[in-house]
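First up is the structure itself, then whatever we jot down about it.
Order of the sequence lines sets the chain letters (A, B, ...), proteins ahead of strands, with each chain counted from 1.
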Number of protein chains: 2
Amino acid sequence: MNKRQIQKKKTRELILQMAKAEFVKKGFLNTTTSEIAEKAGIAHGTLFLHFKNKDSLIVEILDRELEEISSIIQNLISRAIDLEQLLLQYLDLLQEEEELFVVLARELPFYNEELRRKILFRDSIIRSHFHKAIELGIKEKRYRDVDVTSAVMFLFGTINYYLSLKPIFLKEGSVIKKFKPSIVKTFKQLLISD
Amino acid sequence: MNKRQIQKKKTRELILQMAKAEFVKKGFLNTTTSEIAEKAGIAHGTLFLHFKNKDSLIVEILDRELEEISSIIQNLISRAIDLEQLLLQYLDLLQEEEELFVVLARELPFYNEELRRKILFRDSIIRSHFHKAIELGIKEKRYRDVDVTSAVMFLFGTINYYLSLKPIFLKEGSVIKKFKPSIVKTFKQLLISD
DNA sequence: CCTCTCGATGAGTATTCAGTCACCGAGTTA
DNA sequence: TAACTCGGTGACTGAATACTCATCGAGAGG
């Protein structure tokens, strides 16, 4: 790679980096391309040399993030840990990238078809792992005979709710951290007889 | 009231009516003041003679709707029905005005402070009734010893999730109607030992 | 060293909207 | 019926914001 190519790649990475920072802070919908350019220290027009439009920039950022998160989840799964451990570690993961997930929880319904499908596809994979883990538990009589799909929806719906309304639940800090124990406890109560 | 006053009131009501129809169909954020004016068959500027700005129009519409819904809920509560009946009737209510609740579930995080507080205040009253009903059940040993706040969050979070992502769950019809049985069943399972 | 390439620039364009205001004319008042 | 009131009009303004393009100049290539 010659000087030009190096600089080009550098600029592109800088845009991605600054864009992610802004998106996480203010949401995708409320971040302007001018702001991103400003933060990256480049001209507004330059951004469009690297990305066809704002949407494709968002798609690329989310693709990277989701890919990374998915692989971490895959990792958790493959270690065949039990449901409680899986849930705890999943919540840890959400907590680490909480700002991003807050934005996703809020804005998902407003994204275009392509983006929504991508996000929900990753989501459905994660859900399916929980689904299987619960099914197994029922089969082995460790869990009560619940409606598995419905139970999974309760879990993901609740998490989504906490994320999307985060500012109501606390001024600062992590909602996931705060409610992790009660989420886990209540979900276990749904699955396990006392 | 003379002719002028009657006409004025008529226009105002027409705006409110058309605005609500558009808001319910396309959401508050995606409805323009021009569209509302057009649907109401008035000039764009006329809208601003009746409402200071778009926000105050939204606030008035939602105030009316929420007031009505609250009074219906109060009515349900006062009849001292059991939790299952309360939940079923609450879901019926959501189902009747489902389009509105879908919009609220999606857009709530984006409303201004005033509007969000109003909506969440009404919401918290409803939640508190469920809260009390569950507490009573626990005290009377009819229900398991669950974390009441957490249980209520599971319920409302799940409902909110179904509403906000409605198009994913079905092409047409009512999400609430479709998932009512599984929501009720799973929530009962959380509360009642088998 | 000369020419060409191409990444970067930023002023400019197009569009979308909320909100304004000078003016109009039907209805009210005296 | 003349003067006045006031609800309604719609072209206009201003702000926000995604995206374009003529131009520049550092670096590549011969």
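- The side chain of Phe48(A) lies closest to dT20(D), out of dG27(C), dT20(D), dA8(C).
- Between dA18(C) and Thr33(B), a contact under 4.0 Å exists linking OP1 or OP2 to a side-chain N or O.
- Within the nucleic acid shown, Ile42(B) comes within 4.0 Å of sugar-phosphate atoms alone, with no base atom in reach, counting heavy atoms only.
- At dA11(C), none of the side-chain N or O atoms of His44(A) fall inside 4.0 Å of OP1 or OP2 (strictly under the cut-off).
- Listed candidates were dG19(C), dC19(D), dT28(C). Nearest to the side chain of Asn53(A) is dC19(D).
- With dG8(D), dA18(C), dA8(C) as the candidates, the nucleotide lying closest to the side chain of Lys54(B) is dA18(C).
- Distance CG/Asp123(B) to OG/Ser128(B): 10.5 Å, rounded to 0.5 Å.
- Rounded to whole Å, the distance from NZ on Lys3(B) to P on dT28(C) is 7 Å.
- Under 3.5 Å, the side chain of Arg4(A) and the base of dG27(D) form at least one donor-acceptor pair of N or O atoms.
- In terms of modelled atom types and a separation under 3.5 Å, the side chain of Arg122(A) and the main chain of Ile69(A) share no donor-acceptor contact.
- With respect to the salt-bridge test (charged N to carboxylate O, under 4.0 angstrom), the residues Arg12(A) and Glu60(A) qualify.
- Looking at which nucleotide of DNA chain D each of Lys8(B) and Gly45(B) is closest to, the 5′-most match is held by Lys8(B).
- For Thr11(B), a side-chain nitrogen or oxygen approaches OP1 or OP2 of dG8(D) to under 4.0 Å.
- An OP1 or OP2 oxygen of dT9(D) is reached within less than 4.0 angstrom by a side-chain nitrogen or oxygen of Thr46(B).
- Residue Asn2(A) has its side chain nearest to dA28(D) when only dT5(D), dA28(D), dA8(C) are considered.
- The interatomic distance linking Glu38(B) (CD) with dA18(C) (C1') rounds to 16 Å, in whole Å.
- Taking the six-membered ring for Trp and the full ring otherwise, the centers of Phe156(B) and Tyr161(A) sit at least 6.0 Å from each other.
- Judged purely by distance below 3.5 Å, without hydrogens or angles, the side chains of Glu22(B) and Thr31(B) never pair a donor atom with an acceptor atom.
- Across the protein-nucleic acid pair, Gln5(B) atom CD and dC6(D) atom P stand 10 Å apart, rounded to whole Å.
- In this structure, of dG10(D), dA28(D), dA18(C), it is dG10(D) that holds the atom nearest to the side chain of Ala43(B).
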